[in-house]
Amino acid sequence: MEMPEHDAPTFYEQVYELVKLIPKGRITTYGAIAKALGAGKSSRLVGTALIAAHRPNLQLPIHRVVNRNGLLTGKNHYSHPSMQELLEAEGIKVITDQVQHFKEVFWDPLKEI
DNA sequence: CACTTGACGAGCT
DNA sequence: TAGCTCGCCAAGT
């Protein structure tokens, strides 16, 4: 049993909630998430939050989050299957760690929420 | 308590 | 186009 969070959802938790909403076959960016949470300049925290999201209990599609260039900057944190495998399994093309048709598969939380 | 690190991003040179 | 600097903030040392 984990100790219950009293109240006031942390920035991390807000990130997790948003990541859960990313549709399959779509991706978003750290900056977009940060901005959607009202902390546009805290994109680094989003990345940090995803590292913390490696907890087994937490099953989040964090592979659907890339940087603003559509680059798989977090691929080094995966073992197997690789981040690229996970994305391609959803129909997202990845070449040399970069998402193809980035603009097409990009999911903007601000527009969907 | 102070300093460093980091799945980022925008702006400047 | 490529590289450097600064802002932002949690977590680790």
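None of the values given here were measured: they were computed from a predicted structure. Just the heavy atoms: all of them, side chains too, but no hydrogens, waters or symmetry mates, feed the values below.
Atom CD in A/Gln14 sits roughly 14 Å away from atom C1' in C/dC9 (whole-Å rounding). Distance A/Asn69 CG to C/dA2 P: 11 Å, rounded to the nearest Å. For the pair A/Arg55 CZ and B/dA7 P, the interatomic distance rounds to 19 Å; values are reported in whole Å. Between the OH atom of A/Tyr30 and the P atom of B/dC8 there is a distance of 6 Å, rounded to whole Å. The CG atom of A/Leu45 sits 12 Å away from the C1' atom of C/dG7 (whole-angstrom rounding). C/dC6 atom P lies 13 Å from atom CZ of A/Arg44, rounded to whole Å. Atom OH in A/Tyr78 sits about 8 Å away from atom C1' in B/dA7, given to the nearest Å. Rounding to whole angstrom units, NZ of residue A/Lys41 and C1' of B/dC8 are separated by 14 Å.
The OG1 atom of A/Thr48 sits 9.5 Å away from atom CZ of A/Phe11, with the distance rounded to the nearest 0.5 Å.
Remark: A/Arg26 does not engage A/Glu90 in a salt bridge, criterion side-chain N to carboxylate O under 4.0 Å.
Position along DNA chain C of the nearest nucleotide to A/Ser43 versus A/Thr48 favours A/Ser43 as the more 5'-ward residue.
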Verdict with reasoning, A/Gln84 to A/His63, per side-chain hydrogen bond (donor to acceptor under 3.5 Å, both in side chains): CA-CA 8 Å; A/Gln84 177 171 333; A/His63 56 276; over 6 Å; no
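Here the nucleotide nearest the side chain of A/Ile51, chosen from B/dA7, C/dC8, B/dG9, is B/dA7. Nearest nucleotide to the A/Tyr12 side chain, out of C/dC9, C/dA11, B/dA7: C/dA11. When distances are taken from the side chain of A/Thr29 to each of B/dG6, B/dG9, B/dA7, the shortest belongs to B/dG9. Side chain of A/His54, nearest nucleotide from B/dA7, C/dA11, B/dC8: B/dA7.
C/dC8 and B/dC1 have their P atoms separated by 22 Å, given to the nearest Å.
Not one N or O on the side chain of A/Thr29 forms a donor-acceptor pair closer than 3.5 Å with the backbone of A/Val66. With hydrogens and angles disregarded, no donor-acceptor distance shorter than 3.5 Å links the side chain of A/Asn69 to the backbone of A/Leu71.
Using a 4.0 Å heavy-atom criterion, one finds that A/Ser42 contacts the sugar-phosphate atoms exclusively. If you check every strand for non-hydrogen atoms under 4.0 Å, A/Ile62 touches a base.
Remark: A/Arg68 is in phosphate contact with B/dA10, judged by side-chain N or O atoms under 4.0 Å from OP1 or OP2.
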